[in-house]
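Counting starts at 1 for both ligands and their atoms, following the listed order.
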Amino acid sequence: MDVDAGHGAALGGALPTQPGELPLTRRLRSLLTWPTSDADPVNALVRAHRSIHASADSSVLRRAYTIAENMHRGQFRKSGEPYITHPLAVAQICADLGMDTITLVAALLHDTVEDTRYTLQALAEDFGREVAHLVDGVTKFDKAFYGKAAEAETVRKMIIAAGKDVRVLIIKLADRLHNMRTLGVRSAASRERIARKTQEVLIPLCDRLGIQTLKRELDDVVLLHLEPDEHARIARHVHDRPAGWDAYLEDVVAKTRVALRRSRVDAEVAPRPRHLYSIWKDTVAGGHGAPFDLPRISIVVAGPATDCYAALGAVHGLWRPVPGRFKDFIASPKNNLYRSLHTSVRGPQDRTVEVLIRTEEMHRAAEYGVAAHYRFPRTTSRAADRADELAWLRRVLDWEQEAVDPAQFLESLRCDLAEAQIQVVADGRQVVLPAGATPVDLAYELSTERGDHCLAARVNGRLAPLSSELAEGDVVEIFTESDAESGFEADAAPRGPRREWLGFVKSPQAQMQINRWFAEHTEPGISIADKVRLGRATIGLALRTHNRGLASDLPLLRLSEELGYPDLETLLVAVFDRAVEPDAVVRQLIDLVDHRQ
Ligand code: MN
């Protein structure tokens, strides 16, 4: 470090800084002050950073590298390489993502406070508070990575830190990516453990932050460590694709370009290869013997979102769409705010081709997610956009405060991060839910009030149990106690959620709210009178779904006798407790009434 500092100072004297000097002069200065040979390990980093942020100050990067190199000197990675290769690689990943200079400086120094004599205070004095804050955040994640509770606790810290400054999380993801790349030298057991943890928490987190460029590589490297044979099989398949593959894609791209030009849509069309993990996932999911790998292209339109639909029309006019494969993630963005149109068509030679259609802005957001704000500061600096992107993190932080123990929080997080999502229609709008979600999940998604008081659901026009699994595209109506009361029993006491719901709800939102309700309502049990009233309301509601009503209690009284209940009240309590299904009672009631008439 001393030698380097002297070197810089000597040349700095020869070439004093002029305020307002031209960028070219500055570039020449950097060429003069530092050797350009590959022997300087910081060159590639500076080049990557400047290729995105042309006017970035590289001297602070060199200073940070010098300090990190000096502090880590004598330390080695498990691979035998000098330790400094790790922080340098992490900074390089951040630079390729397009992160700002501050992030790169923090990445270079991210292990110094933890692993060397360099203190946080010294770091703050040398590089400023912002860098110190980022390094401190990254350091805190790394403590205590053992045991389930510890892991949950770590993730909790990660989310909190990310809510404050998402750059902390991006450095952490880059750190994990480099550690995963160099996992080969570790023991089989620790490779498996680290790869699993990456797959369970960090990849979904990466997905939720929308950083697809990082996620693709993490996906593939996890597959390599967890399923080495499968990884090799898919890699071989991609490497040995038949000669016609590229020509076919070129043909599809060329024909698409012509169709778009005819429709006056200005767009970039390109082949869009899948990454290994994505091919493998589809192969396994479809139960295919050979790797399942459809040709895919992307269309990035220059104009507004409406041009995406124009492009879709042009493609569907050219080739017949495959039914059921069109998805509109523009009208209904995914939870990670991903937007695009997806469709599949029967392309040339009647082969299925997948097509992604998006605007340039959607493309940037899909590739870089929250990092897009740093990579493209001019186009995405609107505060509202940023608030939107971080809305999910804020929601997680709300749960963090509500969840009692860290393990429960992690469970909720894992569930929420699950990749599979479905879209259903309720209240005339599309609602995104985790796969396997039930009407209760939907009710809580609509509002806490409706979740707490939901009684019944109609799915695609039919009454369905509250525990039934919803499917993609279902049209769902949720009925609450107030719906039942309005035509039936005005003074029914609110019933609230049922404990069994916890056994089938899928969304953390529903789990949290049900637990919250029971925490607030543990003391006062529901009285028998309430159960009778609500049991009656439930039957009234179920009857209405059959377009029937009750003129008097007489049929119910007869039914309770026939079913062997001591009195009508006991039957109504049984309905409330779900000892009998309301719909079953109603069917028998209708039979009874129709038979007697
Ligand atoms: Mn590290």
Check your understanding: Should the ring pair H49 and H53 be called parallel, tilted or perpendicular, given that the plane angle runs from 0 to 90° and is split at 30 and 60?
Key -> tilted

Review point. Among the N, O or S atoms that D175 has, which is closest to the Mn ion (ligand 1)?
Key: OD1

Check your understanding: Tell me, which N, O or S atom in D111 is closest to the Mn ion (ligand 1)?
Key -> OD2

Check your understanding: Under the salt bridge (charged side-chain N to carboxylate O under 4.0 Å, His left out) rule, what pairs show up with a residue in residues 120-132, not counting sequence neighbours?
Key -> E130-R167

Check your understanding: What orientation do Y277 and W280 show, parallel under 30°, tilted 30 to 60°, or perpendicular over 60°?
Key -> tilted

**Study point:** R233 and E230 ion-paired at < 4.0 Å
**Key:** yes

Practice item. Would you check if the Mn ion (ligand 1) lies under 2.8 Å from any N, O or S atom of H110? Key: yes

